[in-house]
Enquirer: 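Following this message is one structure expressed as structure tokens.
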Amino acid sequence: KFYENFIDGKRWEYILDGLGVTLEVTFFAVIIGIVLGFLIAIVRSTYDKTGKLKILNVLCKVYLTVIRGTPVVVQLLIIYFVIFGSSDISKVLVAIMAFGLNSGAYVAEIFRSGIMSVDNGQFEAGRSLGFNYVQTMIHIIMPQAFKNVLPALGNEFIVLLKETSVSGYIALQDLTKGGDIIRSRTYDAFMPLIGIALVYLVMVMIFTKLVNMLERRLRNSDH
Ligand code: ARG
């Protein structure tokens, strides 16, 4: 009875505060992931095309292998308990770093495949028009590559949004943890868990819609 009274006025707080944390972590992690992924993709495809940046390319490869070869939960735990184990860093910050670093590896491969999807003739055409390597990349390759990777990038955002639900492993109160706290204190599993599932679902559906609209607009601008 005590817990029921205790939790009653607070249920929405757990959901809303949790949602806020989930959105905050996802937002900043996506930004880190895109910046990091972009830089890595540039290094990797520059090496592929010109043979330059050899050492950086090796470092990027190591990063990609380690990040994609281990579960994101384990990475989150290592960053929180091993790397920042002796400092009282904010959990939100740890989560942003962990998911950002994780996403960067996947985004790098998305961008790289986008760059590779542009026919090499486009690259040669740019160079023969007098553009140097950087200009060709910026004006000819990137705009086409971006259009090609948009669906995959949208998907990465959705994966990341849902993946933040493991934040509870470091006792960060995100949406999932918030719902689970309600479950554990009220002994009612149905409402809080189905509730948060619906919140995720609605967010993903709204975002999917937005990406589809952007995709259509970019496709129309082709003609
Ligand atoms: N659940 C998988 C893992 O633990 C996927 C990680 C996140 N994936 C992503 N595209 N950011 O490794």
Side-chain angles (χ1 to χ4, degrees), residues 18-45 57 59-85 90-117 145-180 193 196-212 214-215:
L19 177 60
V21 171
T22 291
L23 288 176
E24 187 185 351
V25 171
T26 305
F27 179 78
F28 289 107
V30 161
I31 292 179
I32 293 177
I34 286 183
V35 172
L36 200 60
F38 183 74
L39 294 177
I40 294 172
I42 294 290
V43 170
R44 302 258 290 144
S45 25
N57 182 57
L59 289 178
C60 290
K61 257 187 173 161
V62 171
Y63 164 80
L64 291 178
T65 308
V66 171
I67 295 290
R68 293 195 300 160
T70 54
V72 67
V73 197
V74 176
Q75 294 161 13
L76 180 70
L77 288 171
I78 289 177
I79 293 181
Y80 187 62
F81 289 110
V82 179
I83 299 179
F84 292 106
S90 120
K91 286 171 186 165
V92 173
L93 205 59
V94 169
I96 289 173
M97 277 193 281
F99 293 112
L101 279 176
N102 182 271
S103 188
Y106 292 91
V107 173
E109 290 299 272
I110 292 174
F111 277 137
R112 195 167 70 92
S113 72
I115 293 171
M116 284 194 309
S117 76
F146 179 72
K147 202 177 297 186
N148 290 343
V149 301
L150 198 66
L153 271 187
N155 188 54
E156 172 62 23
F157 179 90
I158 290 171
V159 169
L160 200 60
L161 174 70
K162 294 185 298 170
E163 203 69 38
T164 59
S165 59
V166 300
S167 297
Y169 270 88
I170 59 169
L172 175 62
Q173 285 190 23
D174 70 323
L175 180 57
T176 300
K177 189 72 181 174
D180 200 43
L193 297 187
I196 58 171
L198 286 176
V199 176
Y200 281 110
L201 183 62
V202 169
M203 286 194 292
V204 169
M205 284 167 68
I206 292 174
F207 184 74
T208 306
K209 188 101 194 144
L210 289 176
V211 173
N212 285 344
L214 181 60
E215 234 179 278

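Below, all heavy atoms of this structure are taken into account, side chains as well, without hydrogens, waters or symmetry copies. Whatever order the structure lists them in is the order used to number ligands and atoms, beginning at 1.
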Enquirer: Short list, please: which atoms of ligand 1 are under 4.0 Å from a heavy atom of Val159?
Expert: 8 (N), 9 (C), 10 (N)
Enquirer: Of Arg68, Lys162, Glu109, Glu156, which has the heavy atom at the shortest distance from atom 10 (N) of ligand 1?
Expert: Glu156
Enquirer: Which one of Thr164, Asn102, Val72 has a non-hydrogen atom at the shortest distance from atom 7 (C) of ligand 1?
Expert: Asn102
Enquirer: Distance alone, cut at 3.5 Å: any donor-acceptor contact between the side chains of Ser117 and Asn148?
Expert: yes
Enquirer: Considering only non-hydrogen protein atoms, determine which one is nearest to atom 5 (C) of ligand 1 and report residue, atom name and distance to 0.1 Å.
Expert: Glu163 OE1, 3.9 Å
Enquirer: Of all heavy-atom pairs between Phe84 and Met97, which one has the smallest distance, and what is that distance?
Expert: CE1-CE, 3.3 Å
Enquirer: State whether the side chain of Ser113 and the backbone N or O of Ile110 hold a donor-acceptor pair below 3.5 Å, judged by distance alone.
Expert: yes
Enquirer: Within the 4.5 Å heavy-atom criterion, are Val21 and Leu175 side-chain neighbours or not?
Expert: no
